Amino acid sequence: RPELLTRRLLHVGMAVLALLLLLGAGMVVYQLSSGFRLFALQKIDVRGVQLLTQEEIEATVRELLQEGVLRADLDQIRQRLRRQELIEDVEVTRLLPDTIRLVVRERVPVALVRRTDGSIVCVARNGVLFGRASLYTQRPLPPLITGLREPEAPEPAVANPPLATVNAEPLGADAPRTPLTEGALASTEASSQDPSGFNRRCVETYLRLLAELDQGFPALSTRLDEVQFDEFDEVRVILSESRTIVYLGREDYRQRLNAALDVLDAVARRDLETLQLLRLDDAQRLLGGDRIAYLNTKVPRRIVVGLSN
């Protein structure tokens with residue numbers, strides 16, 4: 001019968017269609033599984049690493065590559081790696097089918113900084129504090145920097161806590177007073193809001209200071225134990241041997257430090273004539289035995305000397 005034949009053909013057609021659909025689905029699943037295997041991560045090529053280990057970086061990257069190299073979010077990998085304090089930046093490249101290349105630019109320590117908690121860390125040229133003191137391998141060690149801003153701390157850095165307890169008196173009735181804690185406990189709104197900008201300026205000044213102090217003979221940077229900064233970006237240093245503070249201001253660092261060293265040398269030799277030639281007020285009193293707490297040389301021809309009471 002025609003109706004029976006038509007019904008059979010319809011059943012056959014539906015069966016063939018179902019078989020084709022199953023075959024198609026199977027091919028899709030096969031292609032997807034083959035694709036996942038093809039683009040599965042096989043290698044992470046890490047370049048430019050010295051402070052970090054390749055294993056540390058690979059562990060971070062593999063967490064973000066569960067779906068293979070093809071679907072990797074390169075910007076997410078870059079941002080995650082940049083959270084590592086030793087990494088300044090990183091270039092992430094996809095090399096199909098199975099490799100990720102990382103070109104890392106690590107932070108380079110240019111000096112050591114004492115934080116408010118007393119710990120010593122490195123600082124990069126852009127003013128970022130990072131790492132441990134052991135990462136700084138240059139010898140001899142340069143003078144410590146104090147007074148930089150710490151982004152995680154709401155208050156500005158105290159340049160050198162013991163100085164807050166020093167009581168010094170400037171010689172001469174009309175001598176300008178220079179409180180030892182001036183600037184160390186203060187903070188301007190701009191520097192608090194932009195600590196990295198403040199720190200960057202201080203690091204630039206620090207490097208310029210050392211270069212200027214060592215431009216002649218003898219080199220003078222080795223005479224320093226610390227370099228302190230206040231909110232005005234002015235420089236004061238602590239001498240290694242005497243722990244005397246010398247206010248240098250913003251320029252003519254070598255000339256001003258030499259002037260301070262001349263005063264200290266004359267006092268050590270008890271040379272009253274030289275002290276008088278240096279136009280110091282109450283030069284005779286400098287030989288009385290009181291310790292010199294600070295010298296303000298921002299006006300080289302009128303050095304202010306503060307004695308500890």
Side-chain angles (χ1 to χ4, degrees), residues 110-123 129 133 136 138 140-150 156-171 177-186 199 201-214 218-268 286 290-300 303-309:
V110 297
L112 295 172
V113 175
R114 175 182 288 138
R115 298 169 61 109
T116 54
D117 62 4
S119 62
I120 308 298
V121 298
C122 295
V123 63
L129 309 184
Y136 190 90
Q138 180 180 330
L141 292 175
L144 285 175
I145 300 176
T146 55
L148 297 192
R149 306 295 183 248
E150 301 174 28
V158 179
N160 189 18
L163 296 185
T165 62
V166 174
N167 187 14
E169 174 189 357
L171 291 178
R177 294 190 176 270
T178 311
L180 295 181
T181 57
E182 178 186 23
L185 303 178
N199 289 355
R201 293 195 304 274
C202 290
V203 172
E204 290 173 353
T205 300
Y206 172 85
L207 296 176
R208 179 163 52 87
L209 164 71
L210 297 190
E212 184 173 328
L213 292 182
D214 291 343
L220 298 180
S221 66
T222 57
R223 305 288 298 271
L224 309 184
D225 185 60
E226 293 185 16
V227 177
Q228 303 177 336
F229 292 94
D230 59 24
E231 79 275 22
F232 304 110
D233 298 3
E234 292 198 344
V235 176
R236 58 189 179 191
V237 301
I238 298 180
L239 301 181
S240 301
E241 296 180 1
S242 63
R243 301 297 296 172
T244 302
I245 302 165
V246 181
Y247 289 79
L248 298 178
R250 296 183 179 181
E251 58 188 2
D252 298 329
Y253 300 127
R254 184 177 176 88
Q255 175 188 354
R256 295 178 181 184
L257 182 58
N258 264 324
L261 295 175
D262 287 343
V263 171
L264 293 174
D265 180 64
V267 171
L286 290 176
D290 290 334
R291 189 181 76 85
I292 296 178
Y294 71 84
L295 297 99
N296 189 333
T297 64
K298 291 192 286 187
V299 182
I303 300 175
V304 177
V305 182
L307 299 178
S308 295
N309 292 339

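Side chains are part of it too, since the values below use all heavy atoms of this structure and drop only hydrogens, waters and symmetry mates. What you see is a predicted model; the values in this text were computed from it and never measured.
Using a 4.5 Å heavy-atom cutoff, the side chains of L307 and I292 are in contact. Contact check for E226 versus R243: side-chain heavy atoms found under the 4.5 Å cut-off. For the pair N199 and V123, the minimum side-chain heavy-atom distance is 4.5 Å or more. Using a 4.5 Å cut-off on side-chain heavy atoms (C-beta onward), V113 and C122 make no contact. For the pair L264/L295, a side-chain contact is recorded, criterion being any heavy-atom separation below 4.5 Å from C-beta on. Side-chain contact between T205 and Y253 is present, with heavy atoms from C-beta onward closer than 4.5 Å. Two residues are said to be in side-chain contact when any heavy atoms from C-beta on lie closer than 4.5 Å; L257 and L224 meet this criterion.
Interatomic distance, D225 CG to L144 CG, rounded to the nearest 0.5 Å: 6.5 Å. For the atom pair CG of N296 and CG of L248, the computed distance is 9.0 Å after rounding to the nearest 0.5 Å. Separation of atoms CG (D214) and OG1 (T222) is listed at 7.0 Å; rounding is to 0.5 Å. Atom CG of L209 is separated from atom CD of E204 by 13.5 Å, given to the nearest 0.5 angstrom. We find the CZ-OG1 distance between R236 and T297 to be 13.0 Å, quoted to the nearest 0.5 Å. If you take CD1 on I120 and CD1 on I145, they are separated by 11.0 Å, rounding to the nearest 0.5 Å.
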Do L220 and L261 pass the side chain to side chain contact (heavy atoms under 4.5 Å, CB included) test, and can you show the C-alpha distance, the side-chain angles, and the key distance before you say yes or no?
CA-CA 10 Å; L220 298 180; L261 295 175; 4.1 Å; yes
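The shortest non-hydrogen separation linking T146 to R114 is CG2-CB, 3.8 Å. Between R250 and E234 the shortest heavy-atom distance is NE-CG, 3.7 Å. Scanning both residues, E150 and T116, for their nearest heavy atoms gives OE2-N, 2.8 Å. Residues P143 and S221 come closest through the heavy atom pair CG-O, 3.8 Å. For the pair I245 and Y247, the tightest heavy-atom approach, listed with the atom from each and the gap, is CG2-CE1, 3.9 Å. The two atoms that bring Q228 and I238 nearest to each other are NE2-CD1, 3.3 Å, heavy atoms only.
Other residues, nucleotides and ligands contribute more than 12 heavy atoms inside 6.0 Å of the CZ atom of R254.
Qualifying side-chain contact (heavy atoms from CB on, under 4.5 Å) partners for C202, counting only residues two or more places apart in sequence or in other chains: L148, F198, F229. Residues that satisfy the salt bridge (Lys or Arg N to Asp or Glu O under 4.0 Å) test with D262, not counting sequence neighbours, are absent from this structure. Remark: D290 pairs with no residue by the salt bridge (Lys or Arg N to Asp or Glu O under 4.0 Å) rule, at least two apart or across chains.
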